[in-house]
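Counting from 1, the numbers follow the sequence of the chain as shown.
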Amino acid sequence: MTPSWRKPFGMFAILALILVWVAIVASFSGWVGRWPALVQALFYVVTGLVWIAPLKPLLAWMETGRWR
């Protein structure tokens, strides 16, 4: 049985997704910094959870080789 290349590639894809998402959210920091503290907290909680959505199909692909 040969190891699959999907898992290492998927791992790097997840890291890239996180880095891109962090850069996008951080680029809004000057704008978001002018909002009230509770609105800022809500923004960062939502953006902190949204990046997880693309992980389910990516993890499925890593395990099975199919996107569904």
Side-chain angles (χ1 to χ4, degrees):
M1 189 169 169
T2 60
S4 170
W5 58 271
R6 289 188 312 266
K7 288 189 181 183
F9 181 81
M11 178 187 63
F12 286 116
I14 290 170
L15 291 174
L17 171 71
I18 292 170
L19 288 174
V20 167
W21 189 247
V22 165
I24 290 170
V25 172
S27 70
F28 289 111
S29 67
W31 185 50
V32 174
R34 289 183 236 136
W35 295 352
L38 289 176
V39 179
Q40 286 182 40
L42 180 62
F43 173 79
Y44 288 118
V45 166
V46 170
T47 57
L49 294 173
V50 166
W51 71 273
I52 297 170
L55 287 184
K56 185 175 181 181
L58 180 59
L59 291 171
W61 173 79
M62 286 169 61
E63 288 295 322
T64 65
R66 291 176 297 222
W67 289 102
R68 291 181 183 221

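What you find for Gly48 and Trp51 is that their closest heavy atoms are O-NE1, 2.7 Å. Contact detail for Pro57 and Pro54: the closest heavy-atom pair is CD-O, 3.4 Å.
Atom CD1 of Ile24 sits about 11.0 Å away from atom CG of Leu19, to the nearest 0.5 Å. Here Arg6 contributes atom CZ and Met62 contributes atom CE; the two are 9.5 Å apart, rounded to the nearest 0.5 Å. The structure places CZ of Phe9 at 11.0 Å from CD1 of Ile14, a figure rounded to the nearest 0.5 Å. Here the straight-line distance linking atom CG of Leu59 with atom CE of Met11 works out to 12.5 Å at 0.5 Å rounding. Rounding to the nearest 0.5 Å gives a distance of 5.5 Å between OG of Ser29 and OH of Tyr44.
Leu58 and Leu15 are assigned to two separate hydrophobic clusters, defined by single-linkage of ILVMFWY side chains at heavy-atom distances under 4.5 Å. Residues Ile52 and Ile18 share a single hydrophobic cluster, defined by chaining ILVMFWY side chains whose heavy atoms lie under 4.5 Å apart. Trp35 and Leu38 fall into different hydrophobic clusters, defined by Ile, Leu, Val, Met, Phe, Trp and Tyr side-chain heavy atoms under 4.5 Å apart, directly or through other members.
Ring planes of Trp31 and Phe28: tilted class, angle from 30 to 60°.
Residues Trp21 and Val50 are in side-chain contact: their nearest non-hydrogen atoms beyond the backbone lie under 4.5 Å apart. Val25 is not listed as a side-chain neighbour of Val32, based on a closest heavy-atom distance of 4.5 Å or more.
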